[in-house]
**Student:** 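Dumping the structure here so I can ask a few things about it.
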Amino acid sequence: MNITLVTVGKIKEKFFRDASAEYQKRLSRYCKLAIVEVADEKTPDKASENLENQIKQKEAERILKWIKEDSYCIALTIDGKKRDSVNMAEQIEKLGLAGKSNLVFVIGGSLGLHESIVKRADETLSFSDMTFPHQLMRIILLEQIYRCYRIINKEPYHK
């Protein structure tokens, strides 16, 4: 399966880059993984709701360029569906068996995702009711994808 993470913004901290590289290496035996970083927009302090929406729209235009027509798109949103690791593994396996060979996960920037991304998504996924920095969220997502493949392949993993 081809898995693409489309993320807004770059990882700045070395420890996050190292963690990302480690999970990319681990996942290379299970899938073809690509990470696409699209530029984030600067958000001024006390930006109006209208300006925030414009910023999210600009980021969305960049994101949508990376989501192919035949891709199954999962957008990470705070109000998305919550899954446990086994259920997420079952979903990934089911998608593969259904012939969905391109899976795209989208992580928004500091303001979240524009409604056009949520509408394009085939499903939305939430890891928590809490908000996480998008750099950390990328590592959490990579770890969960890795865990899913360990579950799918009936390999040991920490419960």
Side-chain angles (χ1 to χ4, degrees), residues 1-41 56 59-60 62-68 70-98 100-159:
M1 179 174 285
N2 299 309
I3 296 180
T4 304
L5 272 61
V6 181
T7 67
V8 175
K10 294 182 184 271
I11 289 187
K12 297 173 183 88
E13 291 86 359
K14 183 183 182 314
F15 57 90
F16 283 138
R17 287 194 307 271
D18 291 347
S20 180
E22 176 63 27
Y23 281 111
Q24 289 176 69
K25 183 177 83 176
R26 290 182 187 191
L27 280 164
S28 66
R29 64 185 283 231
Y30 300 108
C31 64
K32 184 176 177 189
L33 177 70
I35 298 178
V36 176
E37 296 174 332
V38 300
D40 55 345
E41 291 289 316
K56 289 193 292 188
E59 292 173 348
R62 294 179 189 130
I63 292 168
L64 287 168
K65 291 178 184 175
W66 292 98
I67 304 173
K68 298 176 185 169
D70 66 338
S71 295
Y72 189 89
C73 180
I74 300 174
L76 275 63
T77 64
I78 200 161
D79 58 349
K81 180 176 180 153
K82 292 185 176 72
R83 295 180 178 273
D84 63 28
S85 298
V86 172
N87 184 258
M88 187 167 158
E90 290 168 351
Q91 174 70 350
I92 289 174
E93 186 174 33
K94 187 168 69 170
L95 289 168
L97 293 172
K100 298 286 185 186
S101 60
N102 294 309
L103 180 56
V104 177
F105 290 91
V106 180
I107 301 174
S110 61
L111 298 175
L113 292 169
H114 188 262
E115 62 188 35
S116 63
I117 301 297
V118 176
K119 285 180 184 173
R120 167 54 186 92
D122 295 288
E123 69 176 90
T124 57
L125 179 66
S126 174
F127 280 76
S128 173
D129 290 333
M130 292 184 273
T131 301
F132 297 104
H134 63 274
Q135 296 177 337
L136 177 59
M137 194 62 239
R138 184 188 311 188
I139 305 309
I140 294 170
L141 176 60
L142 286 169
E143 190 281 331
Q144 283 301 300
I145 294 169
Y146 174 69
R147 183 178 298 262
C148 287
Y149 277 105
R150 301 282 296 184
I151 293 168
I152 291 166
N153 288 287
K154 298 178 180 25
E155 298 169 353
Y157 72 99
H158 296 287
K159 293 184 180 183

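It should be emphasised that the depicted structure is a prediction, and the values quoted were computed from it without experimental measurement.
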**Student:** Would you say the side chain of W66 lies within less than 4.5 Å of the side chain of V104, judging by non-hydrogen atoms?
**Tutor:** no
**Student:** Could you tell me which non-hydrogen atom of C148 sits nearest to which non-hydrogen atom of S85, and how far apart they are?
**Tutor:** SG-O, 4.0 Å
**Student:** Within a strict 4.5 Å, meaning less than it, do heavy atoms of the Y30 and I152 side chains meet?
**Tutor:** no
**Student:** Measuring from F127:CZ to I107:CD1, what's the distance to the nearest 0.5 Å?
**Tutor:** 8.0 Å
**Student:** Nearest 0.5 angstrom please: M88 CE to I145 CD1, how far?
**Tutor:** 5.5 Å
**Student:** Counting distance only, does the side-chain N/O of H134 pair as donor-acceptor with the main-chain N or O of V8 below 3.5 Å?
**Tutor:** yes
**Student:** Would you say that R83 contacts L125 through its side chain, given a criterion of any heavy-atom pair below 4.5 Å between the two side chains?
**Tutor:** yes
**Student:** Just wondering, are more than 12 heavy atoms of other shown residues or ligands nearer than 6.0 Å to NZ in K82?
**Tutor:** yes
**Student:** Report yes if the side chains of Y23 and L33 come closer than 4.5 Å at any heavy-atom pair, otherwise no.
**Tutor:** no
**Student:** Between CZ of R150 and CD of E155, what distance do you get to the nearest 0.5 Å?
**Tutor:** 4.5 Å
**Student:** Taking the side chain as every heavy atom from C-beta outward, state whether I3 and Y149 have any atom pair closer than 4.5 Å.
**Tutor:** yes
**Student:** Does either side chain, that of Q24 or that of S20, offer a donor lying less than 3.5 Å from an acceptor on the other one?
**Tutor:** yes
**Student:** Side chains of R138 and F16: does their closest heavy-atom pair fall under 4.5 Å?
**Tutor:** no
**Student:** Do K56 and I117 have side chains that approach each other closer than 4.5 Å (heavy atoms only, starting at C-beta)?
**Tutor:** no
**Student:** Side chains of E123 and Y72: any donor to acceptor distance under 3.5 Å?
**Tutor:** yes
**Student:** Can you pull the salt bridge (Lys or Arg N to Asp or Glu O under 4.0 Å) pairs that have at least one residue in residues 100-118, sequence neighbours excluded?
**Tutor:** none
**Student:** Where do S71 and I67 come nearest, in terms of heavy atoms and distance?
**Tutor:** CB-CG2, 4.3 Å
**Student:** Are the side chains of E59 and V38 in contact, using a 4.5 Å heavy-atom criterion?
**Tutor:** no
